[in-house]
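Read through the structure below, which is laid out as structure tokens, and then see the notes.
Naming: A, B, ... by sequence-line order, numbering from 1 per chain.
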There are 2 protein chains.
Amino acid sequence: MTPTRVRLIDAAARLLDEGGTTAVTLRAVGRLAGVSHNAPYKHFAGKEDLLAAVAARELGDRGARPDRSRAEPDARQLMHAYVRWALRYPARFKLTFGAWSPGSAGSGIADLAAAAAAARSGLVAAVERGQAAGELPAGDPDRVAALALAVAHGAADLALNGHLSPAGKGHARPQDLVDDLFDQLGRQLPARCRCG
Amino acid sequence: MTPTRVRLIDAAARLLDEGGTTAVTLRAVGRLAGVSHNAPYKHFAGKEDLLAAVAARELGDRGARPDRSRAEPDARQLMHAYVRWALRYPARFKLTFGAWSPGSAGSGIADLAAAAAAARSGLVAAVERGQAAGELPAGDPDRVAALALAVAHGAADLALNGHLSPAGKGHARPQDLVDDLFDQLGRQLPARCRCG
DNA sequence: ACCTGAACACCGTTCAAGT
DNA sequence: ACCTGAACACCGTTCAAGT
């Protein structure tokens, strides 16, 4: 709300993009925002809370974007967008979906939890539309959504950490793994096929 | 090789298990190992190289264990073991499959790359056995293995970070997602079903 | 070869003041 | 209410010595 608060978040996000997670120090954030090195403590509970505010804003921006271009994206497109975002902004991805200590209760962490819940429900809604259209198997939509997210998240994280494509064997791009899953999910037995 | 080197790795692993990744400081490692706070620099290029040595040993131990109890584990069992290990030792999991700067070339990092390659080839071999037994779909075994690993890794990582089961809705245990994938992979159209 | 102690430039966080 | 400067207890890393 207050201008210096958003200035601090801006500075932290910029440092994150430029120098990775290790470059985001409270002192550098204050320096870049034009305040003293401990002014952040008047706006955030500490370093972790400031980082949570950055993650919450990033998650909110990501959720707000696809709504304009396309009213009802399908689950496959959402997971492709997820992977694309992770590969393009590795530091934001690692921060947003990294570990958040459940005990601490700063304002930024609360915002982050709410933004994450909103993103999750959007994916579940897309899965339900896919099930209604017969493109995805029946069953608990929360669980199908979790499976899709697990593949996208795991593929992106493994790729970023160099654990996916061993030696230039091009065939393990994370987007391909997302497609493999959805192709497999779409290949379920149709109702008319009872020849078993 | 040298005794102090393994003592330093022991100390780092113990600090990692007890206090998480932030507890592993070079000074605390030296203290626990009974040497000065910068003796590690005679055995490792720096902090990252010591951590890589810890990760390489962990990965090697994980690879050596299942060989005794079961000669040829299948891919599903390997992925279940992967998830079980990640949930039980979160800090080791995050360290082992975390980010390793590709530029640096310490001895520990080289060991880690070799151990990761060995683990990967073991999974690919299990996938090939599953394909031969008709339990897994045909196609590039490297890619099927990558899909299985992506689900296991993503499910474990999301679960550890609280992004999987939203509000006590029990139905998103990472092991269940691994089963969902393998159940789906086993539900491929049999050759005799040509009624489409 | 292996280890030590002092030193340097950082860091997060706290605290007593300032306006 | 918001910000500042000094201070505390750390940290990784380097360096000149010691044996």
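- Between A:R57 and A:D10 a salt bridge is recorded (basic side-chain N to carboxylate O distance below 4.0 Å).
- Across every strand in view, D:dG12 sits in a pair with C:dC8 that passes the Watson-Crick or G-U test at under 3.5 angstrom.
- Distance from the side chain of A:R31 is smallest for C:dC11 among the nucleotides C:dC11, D:dT13, D:dC3.
- Residue B:V35 has its side chain nearest to C:dT4 when only C:dT14, C:dT4, C:dG12 are considered.
- Distance B:Y41 OH to D:dA16 P: 16 Å, rounded to the nearest Å.
- If you take CG of A:N38 and P of D:dA9, they are 18 Å apart, rounded to a whole angstrom.
- Checked for salt-bridge contact, B:R120 and B:D142 miss the test: no charged N lies under 4.0 Å from a carboxylate O.
- Comparing atom distances between the B:L26 side chain and each of D:dG12, D:dA6, C:dC3 picks out D:dG12 as nearest.
- To the nearest angstrom, P of C:dC3 lies 12 Å from CZ of B:R5.
- When rounded to the nearest whole Å, the span between CZ of A:R27 and C1' of D:dC10 equals 11 Å.
- Summarising the geometry, the separation between CG on A:L51 and C1' on C:dG12 is reported as 12 Å, rounded to the nearest angstrom.
- Here the separation of D:dA17 from C:dC2, taken at their P atoms, is 22 Å to the nearest Å.
- Note: CG (A:L50) to P (C:dG12) measures 10 Å, nearest angstrom.
- Between C:dT14, D:dT4, C:dC3, one nucleotide has an atom nearer to the side chain of B:T4 than all others, and that is C:dC3.
- Ion pair A:D74/A:R129 not flagged as a salt bridge, since none of the NZ, NE, NH1 or NH2 atoms sits closer than 4.0 Å to an Asp/Glu carboxylate oxygen.
- The nucleotide D:dA17 finds no pairing partner, because no Watson-Crick or G-U wobble arrangement with both distances shorter than 3.5 Å includes it.
- Distance NE2 (A:H43) to C1' (D:dT4): 13 Å, rounded to an integer number of Å.
- Atom CZ in A:F44 sits roughly 12 Å away from atom P in D:dC2 (whole-Å rounding).
- For B:T25, counting side-chain heavy atoms from C-beta on, the closest listed nucleotide (D:dT4, D:dG12, D:dC3) is D:dG12.
- Between B:D183 and B:R76 there is a salt bridge, since a side-chain N of the basic residue sits under 4.0 Å from a carboxylate O of the acidic one.
- Comparing A:A28 and A:K42 against DNA chain C, the residue whose closest nucleotide sits nearer the 5' end is A:A28.
- The main-chain N or O of A:V24 is found under 3.5 Å from a side-chain atom of A:K47 such that the two form a donor-acceptor pair.
- Across C:dA7, D:dA7, C:dG12, the shortest atom-to-atom separation from the side chain of A:H37 is found for D:dA7.
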